[in-house]
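As structure tokens, the structure follows; a few thoughts come after it.
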Amino acid sequence: QVDLGESGGGLAQAGDSVRLSCAASGRTSMLYAMGWFRQTPGKEREFVAAITVRGGDTHYADFVKGRFTISRDNAKNTVYLQMNMVKPEDTAVYYCAARNRPWYSIVLTTPPEYDDWGQGTQVTVAS
């Protein structure tokens, strides 16, 4: 099991940049990939971005391409989500997720494909 802790959320203005961090602890040597999802009240958890821990391969949801960047620092067991040009529709609770099971690609876009989850961090974007 991997424990995940997100940070970096808060209130931003439209057009601002926000950086989220997710620190992993525990059995981090088993990690295959980490991802970010987001959720708003009454809606299902939505895929945002994912990255393989070793190779750094990435995959993004179409609605964030060109604005968000996922990266990792393996020395710190931390994954980041750099969010640029944020919009009010980016308002959500952002969750970090970890997958321990190996897979052949980074196209891991649904919650059941991940094994461990953080508590989430709220990002609110004002217009």
Side-chain angles (χ1 to χ4, degrees):
Q1 182 178 345
V2 175
D3 295 318
L4 303 171
E6 302 97 334
S7 61
L11 178 64
Q13 298 296 316
D16 282 353
S17 294
V18 176
R19 189 173 86 153
L20 305 182
S21 300
C22 174
S25 61
R27 301 185 67 181
T28 57
S29 63
M30 304 297 293
L31 284 173
Y32 171 74
M34 295 183 71
W36 287 96
F37 286 73
R38 67 186 188 184
Q39 191 170 23
T40 55
K43 293 190 176 181
E44 294 186 352
R45 201 162 289 190
E46 176 180 53
F47 171 75
V48 176
I51 188 168
T52 56
V53 172
R54 294 189 177 183
D57 296 327
T58 58
H59 182 65
Y60 295 92
D62 286 343
F63 59 81
V64 301
K65 285 181 180 177
R67 296 193 301 125
F68 294 6
T69 303
I70 188 170
S71 61
R72 89 274 191 231
D73 184 336
N74 289 346
K76 296 181 179 180
N77 290 321
T78 299
V79 170
Y80 305 96
L81 184 68
Q82 179 69 40
M83 305 165 61
N84 297 329
M85 298 298 294
V86 294
K87 305 174 182 179
E89 50 263 45
D90 293 323
T91 295
V93 177
Y94 283 74
Y95 294 92
C96 177
R99 177 183 171 100
N100 303 312
R101 297 161 284 157
W103 195 235
Y104 67 92
S105 84
I106 190 49
V107 183
L108 300 164
T109 61
T110 64
E113 294 177 294
Y114 292 82
D115 303 303
D116 299 296
W117 292 84
Q119 301 273 1
T121 184
Q122 175 72 46
V123 174
T124 302
V125 182
S127 58

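The residues of the chain are indexed from 1 along the displayed sequence.
- In terms of heavy-atom proximity, Thr109 sits nearest to Phe37 at O-CE2, 3.6 Å.
- Residues Gly9 and Leu20 come closest through the heavy atom pair N-CD2, 3.6 Å.
- Aromatic ring orientation, Phe47 versus His59: parallel (interplanar angle below 30°, classes split at 30° and 60°).
- Between Tyr114 and Ala50, the shortest heavy-atom contact is OH-CB, 3.4 Å.
- Note on Leu81: it clusters hydrophobically with Met34, by side-chain heavy-atom contacts below 4.5 Å among ILVMFWY residues.
- Distance alone, capped at 3.5 Å, places no donor-acceptor pair between the Gln39 side chain and the Glu44 backbone.
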side-chain hydrogen bond (donor to acceptor under 3.5 Å, both in side chains) between Tyr94 and Arg38, intermediate numbers included: CA-CA 4 Å; Tyr94 283 74; Arg38 67 186 188 184; 3.0 Å; yes
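- With rounding to the nearest 0.5 angstrom, the CZ atom of Arg27 is 12.0 Å from the CG atom of Asp3.
- When all heavy atoms of Ala49 and Tyr60 are compared, the closest pair comes out as CB-CD2, 3.6 Å.
- Using a distance-only test at 3.5 Å, with no hydrogens or angles considered, a donor-acceptor pair links the side chain of Glu6 to the main chain of Gly120.
- Ile70 and Val2 fall within a single hydrophobic cluster, where Ile, Leu, Val, Met, Phe, Trp and Tyr side chains are chained together by heavy-atom contacts under 4.5 Å.
- Residues Val107 and Ser105 share a closest heavy-atom pair of N-OG, 3.1 Å.
- Because its NZ or CZ atom is both nearer than 6.0 Å to the ring centre of Tyr80 and within 45° of the ring axis, Arg19 counts as a cation-pi partner of that residue.
- Here Asp90 does not pair with Lys87 in a salt bridge; the nearest charged N to carboxylate O distance is not below 4.0 Å.
- Using a 4.5 Å cut-off on side-chain heavy atoms (C-beta onward), Asn74 and Val53 make contact.
- Asn84 and Ser17 share a donor-acceptor pair across their side chains, judged by distance under 3.5 Å alone.
- Note on Leu11 and Val125: separate hydrophobic clusters, where clusters join Ile, Leu, Val, Met, Phe, Trp and Tyr whose side-chain heavy atoms are under 4.5 Å apart, directly or indirectly.
- Between Ala98 and Leu4 the shortest heavy-atom distance is N-CD1, 3.7 Å.
- Of the inter-residue distances, the one linking Leu108 atom CG with Glu113 atom CD reads 5.0 Å to the nearest 0.5 angstrom.
- Side-chain contact check for Thr91 and Glu89: no donor-acceptor pair (N or O, by modelled atom type) lies under 3.5 Å.
- Under the 4.5 Å side-chain heavy-atom criterion for Ile, Leu, Val, Met, Phe, Trp and Tyr, Val64 and Ile51 are members of the same hydrophobic cluster.
- Met83 and Val79 fall within the same hydrophobic cluster, where Ile, Leu, Val, Met, Phe, Trp and Tyr residues are linked whenever their side-chain heavy atoms come under 4.5 Å apart, directly or through other members.
- Between Phe68 and Trp36, the ring centre distance reaches or exceeds 6.0 Å.
- Under the side chain to side chain contact (heavy atoms under 4.5 Å, CB included) test applied with Arg99, the options Thr52, Asp115, Leu31, Ile106 reduce to a single match, Asp115.
- Taken to the nearest 0.5 Å, the NZ atom of Lys76 stands 9.0 Å off from the OG atom of Ser21.
- Under a cutoff of 6.0 Å and an axis angle of 45°, Arg101 and Tyr32 do not form a cation-pi pair.
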